[in-house]
Amino acid sequence: MENEDLGICLDECLKILDDNVNILSNIEYELNQQKEDELVPEMQLTDLIDMSHDVADSSRLKKAEFSFMQRYFEKSNS
């Protein structure tokens, strides 16, 4: 009888431990997700300035390409 009681007690303890491990792993996952959602600047100010110049240059190039294609089609349709 005592062996059966001990087995039942061990089974219940294992179920409780399993539930707690699941809860803890869910908490850990949520904490890691929150860390990933945070923005942590790892750039220097000069890097950001260089990026903004690159974006501005790219924008100017796209505008120039659009204007060129527009003139090309207007000229070919004339």
Side-chain angles (χ1 to χ4, degrees):
M1 253 312 176
E2 288 182 20
N3 287 340
E4 288 179 13
D5 291 341
L6 182 61
I8 292 171
C9 182
L10 284 175
D11 285 340
E12 289 178 12
C13 289
L14 288 174
K15 287 179 185 176
I16 291 171
L17 284 173
D18 188 42
D19 289 342
N20 286 332
V21 166
N22 286 336
I23 290 170
L24 289 174
S25 65
N26 289 339
I27 291 172
E28 181 183 24
Y29 175 77
E30 288 177 17
L31 287 173
N32 286 335
Q33 287 298 98
Q34 288 177 355
K35 286 180 184 177
E36 289 179 6
D37 291 342
E38 292 177 10
L39 293 176
V40 179
E42 295 181 6
M43 295 185 173
Q44 300 293 326
L45 181 59
T46 55
D47 296 329
L48 293 173
I49 292 171
D50 289 342
M51 285 177 60
S52 65
H53 286 288
D54 291 342
V55 169
D57 291 342
S58 175
S59 175
R60 280 188 223 118
L61 284 172
K62 287 184 188 242
K63 185 177 179 181
E65 288 173 351
F66 177 76
S67 296
F68 173 77
M69 293 305 290
Q70 189 175 18
R71 286 192 308 268
Y72 177 78
F73 285 119
E74 286 175 358
K75 191 175 189 179
S76 65
N77 286 335
S78 296

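All heavy atoms count here, side chains included; hydrogens, waters and symmetry mates do not.
Here the CG-OG distance, from Asn32 to Ser25, works out to 11.0 Å after rounding to the nearest 0.5 Å. Rounding to the nearest 0.5 angstrom, the gap separating the CG atom in Asp19 from the CG atom in Leu14 is 11.0 Å.
Counting only distance, with no hydrogens or angles, the side chain of Asp47 and the backbone of Gln44 share a donor-acceptor pair below 3.5 Å.
Within the structure, every pair that satisfies the side chain to side chain donor-acceptor pair (under 3.5 Å) test and touches residues 49-64, not counting sequence neighbours, is listed here: Asp57-Arg60.
Through side-chain heavy atoms spaced under 4.5 Å, either directly or across other Ile, Leu, Val, Met, Phe, Trp or Tyr residues, Leu45 is tied to Ile49.
Cluster annotation: Leu31 is connected to Ile23 through the hydrophobic network of ILVMFWY side chains, with a link wherever side-chain heavy atoms come within less than 4.5 Å.
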